[in-house]
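Because the structure is a prediction, the values reported are computed rather than measured.
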Amino acid sequence: MSETVSLAEKLKSGSPVVTGWSMLAVPILAELMGRGGYEAVTVDFQHGAHDIASAREALAAMVLAGTYRLARIPVGDNATASRLLDLGAQAVIAPMINSVEEAKAFAAATKYPPLGERSWGPHRAAMLDGLPLEAYLEKANRETVSLAMIETPQAVAALDAILAVPGIDGVFVGPSDLSLTLSAGADMDRDGEKTTQAIRTIADHARAAGKIAGIFCMSPEKVMEARDAGYTLMAYGADMGLFHAAASTARKACTV
């Protein structure tokens, strides 16, 4: 929400954004991902080690790197969605949204009236954006992005209804859970026929509804595949894995 193109504007225009994934509660790592070239970084509360304190500092550190600021909440924790927006997140991803009712509850927590029920208190968010509170309010509902994760057969079946919920700006696919639930726990084949078809269906329906489609990718090749399928937000590269790989490569390069 600055003088440059906002995350919402970029994603809705169809321009691709690749987000790094911040799992470790070490704020400077999120900044370094941004400085390393990621145009966005996502702070993960669901499976990462972040808490409110580390997220507060990581979101501020991302401003120094000039990167878009996203966060994923734990399942059903809409109160944390509101807090993360107040701390400066520009987008919130909510896992396991399986019904219209769950989508409405999530949207209510992330949008101000009359669209939702978000409580007022974005002092840090406005500060990070360099805006007076009145200007933040004027832009908030259209420039803070609410993404509902589609990860189950129930969610796929309710996809169009979820996309139609006012305040839901788009959807985000977790291929691992989607594969696991589509197979009723039998396997986790992210590249299986059922999963692949569901991933394509989700992108097609999101585009038809004029909404954002995002997805977690396990390789650079999957990022390209997702972009070609119509996704505009692709997550690839978690800090834990990136640091481990870099450390391993650096040590192996030394012969002593």
Side-chain angles (χ1 to χ4, degrees), residues 7 10-11 16-75 77 80-81 83-96 124-125 128 144-147 149 151 172-180 188 190 212-227 231-254:
L7 177 62
K10 188 164 187 177
L11 291 173
V17 173
V18 177
T19 178
W21 211 256
S22 174
M23 299 186 69
L24 300 174
V26 184
I28 196 172
L29 290 179
E31 178 185 342
L32 290 174
M33 293 178 84
R35 292 187 183 277
Y38 278 101
E39 59 261 56
V41 179
T42 301
V43 173
D44 188 10
F45 271 58
Q46 185 187 12
H47 296 303
H50 279 285
D51 57 18
I52 286 293
S54 65
R56 178 191 66 224
E57 300 307 317
L59 292 168
M62 289 181 214
V63 175
L64 296 176
T67 185
Y68 293 121
R69 312 181 298 272
L70 298 85
R72 178 168 70 171
I73 61 173
V75 176
D77 192 355
T80 293
R83 292 193 71 187
L84 287 167
L85 290 173
D86 284 348
L87 291 174
Q90 296 163 307
V92 177
I93 302 169
M96 292 293 175
R124 182 58 170 164
L128 293 181
T144 52
V145 178
S146 304
L147 300 174
M149 288 195 75
E151 306 177 88
F172 192 93
V173 179
S176 296
D177 278 318
L178 183 59
S179 172
L180 192 63
M188 191 185 296
R190 302 181 189 93
I212 298 162
I215 187 169
F216 198 96
C217 301
M218 303 303 295
S219 70
E221 293 76 19
K222 287 297 179 183
V223 172
M224 298 300 103
E225 287 181 19
R227 181 66 184 94
Y231 287 88
T232 55
L233 176 63
M234 286 73 69
Y236 171 69
D239 52 6
M240 185 181 297
L242 292 172
F243 181 80
H244 180 269
S248 178
T249 298
R251 182 60 188 90
K252 288 177 181 177
C254 301

**Fill in**
side-chain contact (heavy atoms from CB on, under 4.5 Å) filter on Val17, not counting sequence neighbours, yields Leu7, Lys10, Leu11, Glu39, Ala40, Leu233

**Asked** Going through the distances and angles, do Phe216 and Val173 end up as a side-chain contact (heavy atoms from CB on, under 4.5 Å)?
**Response** CA-CA 6 Å; Phe216 198 96; Val173 179; over 6 Å; no

**Message:** Could you report the tightest heavy-atom contact between Val41 and Ala30, atom names first, then the distance?
**Reply:** CG2-O, 3.8 Å

**Request:** Might you point out which heavy atoms bring Glu31 and Ala61 nearest each other, and give the distance in Å?
**Result:** CG-O, 3.5 Å

**Asked** Looking only at heavy atoms, which two atoms of Ala250 and Cys254 are closest? And how far apart?
**Response** O-SG, 3.4 Å

**Prompt:** Does the side chain of Tyr68 reach to within under 4.5 Å of the side chain of Thr19, using non-hydrogen atoms?
**Reply:** no

**Request:** State whether the side chain of Arg69 and the backbone N or O of Gly88 hold a donor-acceptor pair below 3.5 Å, judged by distance alone.
**Result:** yes

**Request:** Show the numbers, then the answer: is there a side-chain contact (heavy atoms from CB on, under 4.5 Å) between Val92 and Leu85?
**Result:** CA-CA 8 Å; Val92 177; Leu85 290 173; 3.7 Å; yes

**Complete:** Rounded to the nearest 0.5 Å, the OH atom of Tyr38 sits from the CH2 atom of Trp21 at a distance of 11.5 Å

**Residue among Met96, Met149, Met188 satisfying side chain to side chain contact (heavy atoms under 4.5 Å, CB included) with Asp177** = Met96

**Prompt:** Any donor and acceptor pair, going by atom type alone, linking the side chain of Arg56 with main-chain N or O of Leu59 inside 3.5 Å?
**Reply:** no

**Prompt:** Would you say Thr249's side chain and Ala246's backbone share a donor-acceptor pair under 3.5 angstrom?
**Reply:** no

**Prompt:** Less than 4.5 Å apart, any side-chain heavy atom of Pro16 and any of Met234?
**Reply:** yes

**Message:** Let me confirm one number: the CD-OG1 distance from Gln90 to Thr144, rounded to the nearest 0.5 Å.
**Reply:** 9.5 Å

**Fill in**
Of all heavy-atom pairs linking His50 and Ser22, the shortest is NE2-OG, 2.8 Å

**Prompt:** Pro74 and Pro95: which non-hydrogen atoms are nearest, and at how many Å?
**Reply:** C-CG, 3.9 Å

**Message:** Return the CZ to CD1 distance between Arg83 and Ile73, rounded to the nearest 0.5 Å.
**Reply:** 13.0 Å

**Message:** Rounded at 0.5 Å granularity, tell me how far CG in Leu87 sits from CD1 in Ile52.
**Reply:** 5.5 Å

**Complete:** Here the gap from Leu64 atom CG to Arg35 atom CZ, rounded to the nearest 0.5 Å, amounts to 6.0 Å

**Item:** Under the side chain to side chain donor-acceptor pair (under 3.5 Å) test, residues paired with Ser248 that sit two or more places apart
**Value:** none

**Heavy-atom closest contact (Gly237 atom, Met33 atom, distance)** = O-CE, 3.4 Å

**Request:** Find the distance between CG (Leu128) and CE (Met62) and round it off to the nearest 0.5 Å.
**Result:** 10.5 Å

**Item:** Pair Thr42-Arg72, side-chain donor/acceptor within less than 3.5 Å
**Value:** no

**Request:** Would you confirm whether Asp239, through its side chain, and Leu24, through its main-chain N or O, come within 3.5 Å as a donor-acceptor pair?
**Result:** yes

